[in-house]
Amino acid sequence: VSPGNHIGLEEYLEMEGLAYRLRPFKTKGINADRMEKNLNDYTFNTINNPISSIKQYTRILQNYRSAYMQLAVHHFMDFQKLQSVNNNEAADIKRAKVEEVLDKMSENLPENPIRMDNRDLHYQVGRLYYGVGNNQKFKEVLDELVARQDNTVRHRVEYAQSYLELENYDTSLSILKELYSGYNSMEAKILSGGREQKKVDKKVWNQYRNNYPDIVSHLIINYRKLEMVDEARDLLTTWLERNPKDKEAQKLIKEMEEKG
């Protein structure tokens, strides 16, 4: 049921799977126990049959995937609350529950044949794993996302930043260097004018422009983490030529020069 059809009853609706139950009292939004039971009772064996290629059926399965995600997020929010009050024993139980739900979703609704078309949803799966301390699962999700051919500049920057969080500097650096090169290539076409300028996709160029500061700042972080001092200094110098009033960049390059 879309939010627009809740007719003001949101506080009294309780999600139990793919359907809401109307209650005579205010609810928490999800009945986790009943939702988990209903998901576990569903038979997913049909995904390996030819019917799984039918769009209408695939949409139904995607709805089940969304239900699993809502359940995982519900447990994750509880985990964060318990962790914030140092209730470590209860938090560990919730931590395990988040992983259990996500693992069950992957088992019942694997990427092949039920591809997760929504990149942001797929990324959220990885962030949930990361949030409960499973860095390896997050990396596996990132590797799958990076391999996609339809990633926007924003997505690629986001994935590079995530690899940086995982201290996977080489992979992060590789993505960012490609983005930096792409920006410079597009800028050169624009500055040259004429036919080359007409070849520039304005939508993509705007994405590059909007994400350029993040591309540069994350590149510098990676260079420094990998002790590539000369590369970091050169990039900072180029940045300051474009942005001479950037005091943070001035401070950073001064620190690097003092360290030699």
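Within the 4.5 Å cutoff, side-chain heavy atoms of Tyr64 are placed close to those of Leu109. Residues Asp120 and His155 form a side-chain contact, since some pair of their non-hydrogen atoms from C-beta on lies under 4.5 Å apart. You'll find the side chain of Tyr169 stays beyond 4.5 Å of the side chain of Ile221, heavy atoms only. Using a 4.5 Å heavy-atom cutoff, the side chains of Leu121 and Met69 are in contact. Put simply, the side chain of His75 does not reach to within 4.5 Å of the side chain of Glu100, judged on heavy atoms. Annotation: side chain of Glu257 is in contact with side chain of Arg233 (closest heavy-atom distance under 4.5 Å). For the pair Asn135/Glu167, no side-chain contact is recorded, criterion being any heavy-atom separation below 4.5 Å from C-beta on.
Taking CG from Asp234 and CD1 from Ile253, the interatomic distance works out to 8.5 Å, rounded to the nearest 0.5 Å. One finds the CZ atom of Arg242 at 4.0 Å from the OH atom of Tyr212 (value rounded to the nearest 0.5 Å). For the atom pair NZ of Lys225 and CG of Leu173, the computed distance is 14.0 Å after rounding to the nearest 0.5 Å. Interatomic distance, CD1 of Ile215 versus CD of Gln161, reported as 12.0 Å (0.5 Å rounding). Note that the CZ atom of Phe76 and the CG atom of Leu71 stand 14.0 Å from one another [nearest 0.5 Å]. Atom CG in Leu252 sits 12.5 Å away from atom CH2 in Trp239 (nearest 0.5 Å).
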message: If you apply the rule side-chain contact (heavy atoms from CB on, under 4.5 Å), what do you find for Arg95 with Leu82, and how did you get there?
response: CA-CA 10 Å; Arg95 183 202 308 272; Leu82 291 165; over 6 Å; no

field: Working for side-chain contact (heavy atoms from CB on, under 4.5 Å), residues Phe138 and Asp143
entry: CA-CA 9 Å; Phe138 186 27; Asp143 290 345; over 6 Å; no

task: Could you check Glu36 against Lys97 for side-chain contact (heavy atoms from CB on, under 4.5 Å), going step by step and ending with a plain yes or no?
output: CA-CA 11 Å; Glu36 185 172 359; Lys97 199 66 183 175; 2.8 Å; yes

query: Checking side-chain contact (heavy atoms from CB on, under 4.5 Å) for the pair Asn40/Met35: CA distance, chi angles, key distance, verdict?
result: CA-CA 9 Å; Asn40 289 338; Met35 193 170 184; over 6 Å; no

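Taking 4.0 Å as the cut-off between side-chain N and carboxylate O, Lys189 and Asp201 do not count as a salt-bridged pair. Taking a cutoff of 4.0 Å between a charged side-chain nitrogen and a carboxylate oxygen, Lys251 and Glu248 do not qualify as a salt bridge.
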Under 3.5 Å donor-acceptor pairs involving side-chain atoms of residues 123-134, not counting sequence neighbours:
{"unit_1": "Tyr123", "atom_1": "OH", "unit_2": "Arg127", "atom_2": "NH1", "d": "3.2"}
{"unit_1": "Tyr123", "atom_1": "OH", "unit_2": "Ser162", "atom_2": "OG", "d": "2.6"}
{"unit_1": "Arg127", "atom_1": "NH1", "unit_2": "Glu165", "atom_2": "OE2", "d": "2.9"}
{"unit_1": "Arg127", "atom_1": "NH2", "unit_2": "Glu165", "atom_2": "OE1", "d": "3.2"}
{"unit_1": "Tyr129", "atom_1": "OH", "unit_2": "Asp103", "atom_2": "N", "d": "3.4"}
{"unit_1": "Tyr129", "atom_1": "OH", "unit_2": "Asp103", "atom_2": "OD1", "d": "2.5"}
{"unit_1": "Asn134", "atom_1": "OD1", "unit_2": "Lys137", "atom_2": "N", "d": "3.1"}
{"unit_1": "Asn134", "atom_1": "ND2", "unit_2": "Glu99", "atom_2": "OE1", "d": "2.8"}

Can you give the donor-acceptor pairs under 3.5 Å from side chains of residues 202-210 to other protein atoms, not counting sequence neighbours?
{"unit_1": "Asn206", "atom_1": "ND2", "unit_2": "Lys202", "atom_2": "O", "d": "3.3"}
{"unit_1": "Gln207", "atom_1": "OE1", "unit_2": "Val153", "atom_2": "N", "d": "3.1"}
{"unit_1": "Asn210", "atom_1": "ND2", "unit_2": "Asn206", "atom_2": "O", "d": "3.1"}

Output side-chain donor-acceptor pairs under 3.5 Å for residues 83-90, partner residues at least two apart or in another chain, one line each.
{"unit_1": "Ser84", "atom_1": "OG", "unit_2": "Lys81", "atom_2": "O", "d": "2.6"}
{"unit_1": "Asn87", "atom_1": "OD1", "unit_2": "Ala90", "atom_2": "N", "d": "3.4"}

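Taking every heavy atom of both residues into account, Tyr159 and Asn151 meet most closely at CE1-OD1, 3.6 Å. Closest approach of Ser172 to Ala160, counting heavy atoms only: OG-O, 2.8 Å. Minimum interatomic distance between Ala72 and Val98 (heavy atoms only, all atoms of both residues): O-CG2, 3.9 Å. Closest heavy-atom contact between Pro244 and Gln250: O-NE2, 2.5 Å.
A side-chain N or O of Asn168 and one of Thr171 form a donor-acceptor pair less than 3.5 Å apart. Using modelled atom types, one finds no donor on one side chain facing an acceptor on the other under 3.5 Å when comparing Asp117 with His122. Looking at Asp170 and Tyr163, their side chains never bring a donor and an acceptor atom within 3.5 Å of each other.
Panel note: side chain Ser217, backbone Pro213; a donor-acceptor pair is recorded below 3.5 Å. In this structure, the side chain of Glu111 engages the main chain of Met116 through a donor-acceptor pair within 3.5 Å. Panel note: side chain Asp246, backbone Ala249; a donor-acceptor pair is recorded below 3.5 Å. The closest donor-acceptor contact from the side chain of His218 to the backbone of Asp214 lies under 3.5 Å. Checked by atom type and distance alone, the side chain of Gln149 pairs as donor or acceptor with a backbone atom of Ala147 at under 3.5 Å.
Judged as a salt bridge (Lys or Arg N to Asp or Glu O under 4.0 Å), the pairs with a partner in residues 64-80 (not counting sequence neighbours) are, in order, Asp78-Lys94.
Linking ILVMFWY side-chain heavy atoms closer than 4.5 Å, directly or via other members, places Val73 and Ile93 in two distinct hydrophobic clusters. In terms of hydrophobic clustering, with Ile, Leu, Val, Met, Phe, Trp and Tyr side chains grouped at heavy-atom distances under 4.5 Å, Met77 and Phe79 are assigned to a common cluster.
Scanning for side-chain contact (heavy atoms from CB on, under 4.5 Å) contacts around Gln197 gives Ile190, with sequence neighbours left out. With sequence neighbours excluded, the residues satisfying side-chain contact (heavy atoms from CB on, under 4.5 Å) with Lys37 are Asp41.
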